[in-house]
**Q** 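Structure in structure tokens, see below.
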There are 2 protein chains.
Amino acid sequence: MQNVSTRTIGRLCIYRRLLSRLKDEGKTSVYSHELAALSGGSAALVRRDLMAIGYSGTPYHGYVIENLLSSMAAFLDDPQGQQVALVGLGNLGRALLAYFSGRRPHLAITAAFDIDPAKVNRVMHGCRCHAVARLVEVVREKGIQVGVICVPALQAQSIADQLVTGGVRAVLNFAPIRLHLPDGIYVEDLDMTTALEKAAYFARKKTKQNKENRRD
Amino acid sequence: MQNVSTRTIGRLCIYRRLLSRLKDEGKTSVYSHELAALSGGSAALVRRDLMAIGYSGTPYHGYVIENLLSSMAAFLDDPQGQQVALVGLGNLGRALLAYFSGRRPHLAITAAFDIDPAKVNRVMHGCRCHAVARLVEVVREKGIQVGVICVPALQAQSIADQLVTGGVRAVLNFAPIRLHLPDGIYVEDLDMTTALEKAAYFARKKTKQNKENRRD
DNA sequence: ATCTGTGAACTCGTTCACAGCT
DNA sequence: AGCTGTGAACGAGTTCACAGAT
């Protein structure tokens with residue numbers, strides 16, 4: 001159950017959302033080919049991904065949704081829950097705060113940071129905004145291990161360094177630059193500018209996009 | 001100069017931003033290993049990517065930044081410019097509108113859509129908001145080929161279908177579901193929920209993330 | 001008859017390593 | 001000596017294809 005690839009983890013998160021929906025719709029079991037159709041992969045890929053979490057389906061009856069969801073939660077979630085720090089409360093930062101607030105009990109943004117004195121000490125979407133100057137201190141005190149960077153490109157590296165100093169082990173980076181961080185720190189880039197430019201490029205080509213490039 | 005992979009296109013966009021910065025800093029030429037260090041790849045990879053656009057560097061002197069930027073613009077940009085339609089003016093949609101407004105002359109959001117009557121017909125960040133009911137019509141009239149989807153998951157598929165009906169060839173999808181679109185339509189998913197969950201997962205593992213998984 | 005689990009084959013993107021140039 | 005361009009080797013991730021289960 002070790003050394004699962006980042007691609008597989010991403011797909012597991014997607015399967016989980018699909019399974020929740022299916023459960024809500026009243027389904028109790030599901031076949032790999034059904035999840036494949038919903039998630040855009042192949043049945044074999046779904047089965048391999050599920051192998052990673054060590055849950056076995058039953059031949060002919062597929063996977064029992066209820067049990068599979070439990071196995072996934074055990075595998076993907078931290079039983080104590082995890083806190084997230086969000087840095088940069090510009091338009092995007094505020095949108096993210098609104099989007100994630102109160103959604104997942106196991107994974108919540110519990111600290112926000114900005115340089116703007118007008119925002120500091122205000123509470124937005126149930127989350128207190130601190131001065132960036134106190135970032136390392138607050139992150140360390142709360143034991144936060146996940147950081148989200150929504151600051152302009154020029155400040156992103158410095159913020160990332162401070163997050164890591166405070167004890168953060170994984171960063172979700174919205175700034176359009178490549179962060180340089182120590183080994184062992186996970187970085188996930190969500191570069192909207194590049195994404196839009198790519199889309200624009202392929203809008204002009206008769207793309208026979210081979211399904212599997214879709215990954216994010 | 002055909003059949004360039006999406007990974008390569010993405011990196012080309014990144015190189016271009018780096019090159020602009022280097023140019024602003026007064027540099028006139030650059031080596032593949034410099035771009036590699038800045039972009040987080042290897043020198044060989046940079047050279048292969050640049051081969052794709054058909055620009056040749058000069059041995060010993062590297063690549064002439066000015067010329068390379070021109071070649072990239074010729075390769076990546078549409079000479080007439082491209083318009084983008086943005087659907088969904090919630091927090092995220094508005095943030096994107098603000099973020100992209102007036103930034104790139106060649107690639108601008110020129111139409112926005114929402115169902116909320118309070119938003120319809122207002123102009124935000126220089127962009128007019130139309131009723132979703134008029135989506136197909138407006139997109140077709142303007143000849144828009146790139147769409148950005150910022151609506152809730154439940155409506156995303158329907159919006160995507162309408163965009164394609166209106167003539168859109170590439171979609172940037174922020175909704176956390178997999179869109180099902182005809183072959184030849186490019187889809188780029190930016191799934192923030194999955195991204196955050198992945199980051200949370202890897203924050204707990206002693207990740208020896210093998211550099212290259214960073215892709216988006 | 002129709003599913004799962006999985007070794008083996010395959011694919012495609014990256015890196016290696018070196019010839020060619022200056 | 002130090003770079004670029006590129007054939008060849010490599011490797012991670014995906015699909016194929018089938019044995020095993022019901």
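By convention in this document, chain letters (A, B, ...) are assigned in the order of the sequence lines, proteins followed by strands, and residues within each chain are numbered from 1.
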**Q** Within less than 4.0 Å of OP1 or OP2 of D:dG7, is there a side-chain N or O belonging to B:Arg47?
**A** no

**Q** Look at the side-chain N and O atoms of B:Ser42 and state whether any lies under 4.0 Å from the OP1 or OP2 oxygen of C:dT14.
**A** no

**Q** Return the orientation label for the B:Tyr63 and B:Tyr55 ring planes: parallel under 30°, perpendicular over 60°, tilted otherwise.
**A** tilted

**Q** Give a yes or no on whether a donor-acceptor pair under 3.5 Å exists between the nucleobase atoms of C:dG13, that is its base, and the side chain of B:Arg7.
**A** no

**Q** If you compare every side-chain N and O of A:Tyr60 against the phosphate oxygens of C:dG5 (OP1, OP2), does one of them come in below 4.0 Å?
**A** no

**Q** If you assign B:Met51 and A:Ala44 each to the DNA chain D nucleotide with the nearest heavy atom, which residue ends up on the more 5' nucleotide?
**A** B:Met51

**Q** Considering only D:dC3, C:dT4, C:dG13, which nucleotide approaches the side chain of B:Ser5 most closely?
**A** C:dG13

**Q** Under 4.0 Å from OP1 or OP2 of C:dG5: is there any side-chain N or O of A:Tyr55 that close?
**A** no

**Q** Is there a donor in the side chain of B:Ser70 and an acceptor in the side chain of B:Glu66, or the other way round, less than 3.5 Å apart?
**A** no

**Q** What integer distance in Å separates A:Tyr31:OH from C:dT4:P?
**A** 8 Å

**Q** With a 4.0 Å cut-off on heavy atoms, is B:Thr8 in touch with a base, just the backbone sugar-phosphate, or nothing at all?
**A** nothing

**Q** Is it the case that the side chains of A:Thr194 and B:Arg17 hold a donor-acceptor pair, with the cut-off being a distance below 3.5 Å and no angle test?
**A** yes

**Q** Mapping B:His61 and A:Thr58 onto DNA chain C by nearest heavy atom, which one lands closer to the 5' end?
**A** A:Thr58

**Q** According to a strict under-4.0 Å criterion, is B:Ser32 in side-chain N/O contact with OP1 or OP2 of D:dC3?
**A** no

**Q** Checking contacts here: which listed nucleotide (C:dG5, C:dC3, D:dC3) is nearest the side-chain heavy atoms of A:Tyr63?
**A** C:dG5

**Q** Between atom CG in B:Leu45 and atom P in D:dG5, what is the gap in whole Å?
**A** 14 Å

**Q** Hey, are A:Asp77 and A:Arg16 close enough for a salt bridge, meaning a charged N less than 4.0 Å from a carboxylate O?
**A** yes

**Q** Got a donor-acceptor pair under 3.5 Å from the side chain of A:Arg48 to the base of D:dT14?
**A** no

